[in-house]
A.B. asks: 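Take a look at this one; I'll ask things after.
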Amino acid sequence: MLLVNQIRENYDQVFAGLQKRNISDAALLLDRVIALDDLRKSTQSQRDQIQAEANTISKQIGQLMKEGKSAEAQLIRERTTEIKAQIKELDEQNAKAEEDLKALLYTIPNVPHSSVPQGRSAEDNEVVLTNGTIPTLHEGKLPHWELIKKYDIIDFDLGVKITGAGFPVYKGKGARLQRALINFFLDEAMAAGYMEVQPPILVNEDSGYGTGQLPDKEGQMYFAAADNLYLIPTAEVPITNLYRDIILNETDLPVKNVGYTPCFRREAGSWGAHVRGLNRLHQFDKVEIVQITHPDQSYAALESMSSYVQGLLQKLELPYRVLRLCGGDMGFTSALTYDMEVYSAAQERWLEVSSVSNFETYQTNRLKLRFKGEDKKTQLAHSLNGSALALPRIVASILENNQTPEGILMPKVLHSYLGFDKI
RNA sequence: AGAGAGUUGGGUGAGUGGCUGAAACCAACAGUUUGCUAAACUGUCGUACGGGUUAAACUGUACCGGGGGUUCGAAUCCCCCACUCUCUGCCA
């Protein structure tokens, strides 16, 4: 969430940022934050003063008791009754102000970076670059949901039997392709300086709040009610939360982690056209990269993450484009997001396979993720993450783009991982 | 899952109602000493929200797993919850 001081000190900038997100009552929201914070401060300060008085009296009573002057002690004690009532009342007011303030801050999204384009929807995203050649396919080309049946490598019907729609079963070369991609992505990330972590894929409530899935998006996560745990929608949640409530040394920055996990998304109500086959699933595999950086370094880190992801797509020989998301399409917690889309030649569509974002201090404020520098001062770090990469749509485009009448050719870079070069 | 024991500052660990934001030791940091290193010695050494200052200094309050209660006063007593450990059971 945003920092109140950030709102106070950069009011105009925050206001303009929220405008970019098409929030019409931004001024109202921000003024309300400041008013609530003022209220919080004043009740807090009154409470502290009275508490200080009470503490003094308590000490006096202790002293008098020790000296055996219990009559005098009794006299002072009577005054505390009144003070206690006041403290209780101020406590309640203060707690309410704090609660209201927090609830309000939860509803305010991150301030977009100055380079974020104005816009309302995906159509207003800015195409930063397009790379690679879109293949010309033979007569009788098939979309991937036909290809997987033809070659019997992914079975949706079996998944329905075992679990339900959106939980495919990968078989034979399909399963091998999954494993090859995961290993390829992990090896590449390690070579780029990311430390591999294998986190739990169920997380508690605190972690959900830490990265911003809660309180608003609980409907998107599967929930294990008996144990109060959520299945992760992305490895971002457990990996970033590794650093919750931590004060790092400045010399530890940047922290670079990579992790492979399955991801689970309920995607309630989002079924329709365009979601056939592998395009949208309830369970899918993803390798995620996360960085924790010094505030001065986070945008350089974002660019390096973007080029890193592009490098993967180039090695996989997939045509792709990079989008800078507009204010209306950007995630709630992000300050700047690049989406990478690959072209899927049979569907004749661009498919999002990665989303790389800088959250600045929006997540670290909730996470209490700070670092201590040379000057001994603690300040919030910046957090970033990106998919590198999400598997299903990569698989879809590899299958569609490389299909030939004789079979599907695998990208060269995967051959050693696969142990075969054609499906 | 059953029974028992625990949860204190970066770590170990004292502390059963006021003099405890918290002993002691270790680690860390700065300095003295030193040819260098080590040892020794001295000092610093938590976080949050306020006040204060150009910035400090200084200062108020809170925090001993989380929440609530008793009390003039709680790390200390009571209740609820979470987690950890040990034994028993189960299990990849």
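Chain identifiers are assigned alphabetically (A, B, ...) following the order of the sequence lines, protein sequences preceding nucleic acid strands; residue numbering begins at 1 within each chain.
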A.B. asks: Taking the P atom in each of U71(B) and G65(B), what is the distance between them to the nearest angstrom?
C.D. replies: 23 Å

A.B. asks: Using a cut-off of 6.0 Å, state whether more than 12 heavy atoms not belonging to Glu303(A) lie near its atom CD.
C.D. replies: yes

A.B. asks: Below 4.0 angstrom from OP1 or OP2 of G50(B), is there any side-chain N or O of Arg47(A)?
C.D. replies: no

A.B. asks: With a 4.0 Å cut-off on heavy atoms, is Ser58(A) in touch with a base, just the backbone sugar-phosphate, or nothing at all?
C.D. replies: base

A.B. asks: Please give, in whole Å, the distance from U71(B) C1' to Gln51(A) CD?
C.D. replies: 13 Å

A.B. asks: Judged by each residue's nearest nucleotide on RNA chain B, which is more toward the 5′ side, Gln44(A) or Thr56(A)?
C.D. replies: Gln44(A)

A.B. asks: On a whole-Å scale, what distance lies between the P atoms belonging to G60(B) and C78(B)?
C.D. replies: 32 Å

A.B. asks: Need the pair for A27(B). Rule: Watson-Crick or G-U wobble, both distances under 3.5 Å, any strand; none if unpaired.
C.D. replies: none

A.B. asks: What integer number of Å spans the P atoms of A5(B) and C79(B)?
C.D. replies: 13 Å

A.B. asks: Applying the Watson-Crick and G-U wobble criteria at under 3.5 Å, what pairs with U7(B)? Answer none if nothing qualifies.
C.D. replies: A82(B)

A.B. asks: Check the distance between A62(B)'s P and Ile87(A)'s CD1 and give it to me in whole angstrom.
C.D. replies: 9 Å

A.B. asks: Enter the distance from Leu367(A):CG to Phe359(A):CZ here, rounded to the nearest 0.5 Å.
C.D. replies: 10.5 Å

A.B. asks: Of the nucleotides A62(B), A48(B), C72(B), which has the atom closest to the Ile61(A) side chain?
C.D. replies: C72(B)

A.B. asks: What's the gap between A22(B) and G9(B) when it is taken at their C1' atoms, as a whole Å value?
C.D. replies: 9 Å

A.B. asks: If pairing requires Watson-Crick or G-U wobble contacts with both distances under 3.5 Å, which nucleotide is the partner of U53(B)?
C.D. replies: none

A.B. asks: Asp48(A) or Arg370(A): which one's nearest nucleotide on RNA chain B is closer to the 5' end?
C.D. replies: Arg370(A)

A.B. asks: Counting only side-chain N and O atoms of Lys59(A), is one of them less than 4.0 Å from OP1 or OP2 of C72(B)?
C.D. replies: no

A.B. asks: Suppose you measure atom C1' in G4(B) against the same atom in U47(B); what distance do you get, rounded to whole Å?
C.D. replies: 35 Å

A.B. asks: Pick the C1' atom in G6(B) and in U59(B), then give their distance to the nearest Å.
C.D. replies: 38 Å

A.B. asks: Any carboxylate oxygen within less than 4.0 angstrom of a Lys/Arg side-chain nitrogen, looking at Glu188(A) and Lys315(A)?
C.D. replies: yes

A.B. asks: Give a yes or no on whether Arg8(A) atom CZ has more than 12 heavy-atom contacts from other residues, nucleotides or ligands under 6.0 Å away.
C.D. replies: yes

A.B. asks: Can a side chain N or O of Asn55(A) be found less than 4.0 Å away from OP1 or OP2 on G73(B)?
C.D. replies: no

A.B. asks: What is the distance from CD1 of Ile57(A) to C1' of U71(B), rounded to the nearest Å?
C.D. replies: 15 Å

A.B. asks: Counting only Watson-Crick pairs (N1-N3 plus N6-O4 or O6-N4) and G-U wobbles (N1-O2, O6-N3), all under 3.5 Å, who is the partner of A1(B)?
C.D. replies: U88(B)

A.B. asks: Output the single nucleotide from G60(B), U47(B), A62(B) whose closest atom is nearest the side chain of Thr378(A).
C.D. replies: U47(B)

A.B. asks: Please measure how far the C1' atom in G15(B) lies from the corresponding atom in U34(B), and state the result in whole Å.
C.D. replies: 41 Å

A.B. asks: With salt bridge (Lys or Arg N to Asp or Glu O under 4.0 Å) as the test, would you mind laying out the steps for Asp38(A) and Lys41(A) before giving the verdict?
C.D. replies: CA-CA 5 Å; Asp38(A) 285 340; Lys41(A) 277 189 196 174; 5.1 Å; no

A.B. asks: Is there a Watson-Crick or G-U wobble partner for G46(B) with both distances under 3.5 Å, and which nucleotide is it?
C.D. replies: C63(B)

A.B. asks: Between C19(B) and G11(B), how far apart are the two C1' atoms, rounded to whole Å?
C.D. replies: 28 Å

A.B. asks: Once rounded to the nearest 0.5 Å, what's the spacing between atom CG of Asp339(A) and atom OH of Tyr320(A)?
C.D. replies: 14.0 Å

A.B. asks: C49(B) P sits how many Å from Leu39(A) CG, rounded?
C.D. replies: 18 Å

A.B. asks: Could you check how far CZ of Arg366(A) sits from C1' of A48(B), rounded to whole Å?
C.D. replies: 19 Å

A.B. asks: Nearest 0.5 Å, please: how far is NZ in Lys368(A) from CD1 in Ile247(A)?
C.D. replies: 11.0 Å

A.B. asks: If I take atom CD in residue Gln49(A) and atom C1' in nucleotide C49(B), what distance separates them, rounded to the nearest angstrom?
C.D. replies: 15 Å

A.B. asks: Compare the minimum distances between each of A62(B), G46(B), C72(B) and the side chain of Arg77(A), then state the nucleotide with the smallest one.
C.D. replies: C72(B)

A.B. asks: Give none if A38(B) has no partner; otherwise give the nucleotide forming a Watson-Crick or G-U wobble pair with it, both distances under 3.5 Å.
C.D. replies: none

A.B. asks: Considering just the side-chain nitrogens and oxygens of Arg40(A), establish if one lies under 4.0 Å of OP1 or OP2 belonging to G50(B).
C.D. replies: yes

A.B. asks: If we call it a pair only when both distances are under 3.5 Å in a Watson-Crick or G-U wobble match, what pairs with C72(B)?
C.D. replies: G18(B)

A.B. asks: Would you say Lys84(A) places a side-chain N or O within less than 4.0 Å of OP1 or OP2 belonging to G73(B)?
C.D. replies: yes

A.B. asks: Nearest whole angstrom, please: distance from the P of G46(B) to the CZ of Phe371(A).
C.D. replies: 19 Å

A.B. asks: Take atom CG of Asn249(A) and atom P of C29(B), then tell me their distance rounded to the nearest Å.
C.D. replies: 10 Å

A.B. asks: What I want to check is whether the side chains of Gln363(A) and Thr211(A) have a donor and an acceptor closer together than 3.5 Å.
C.D. replies: no

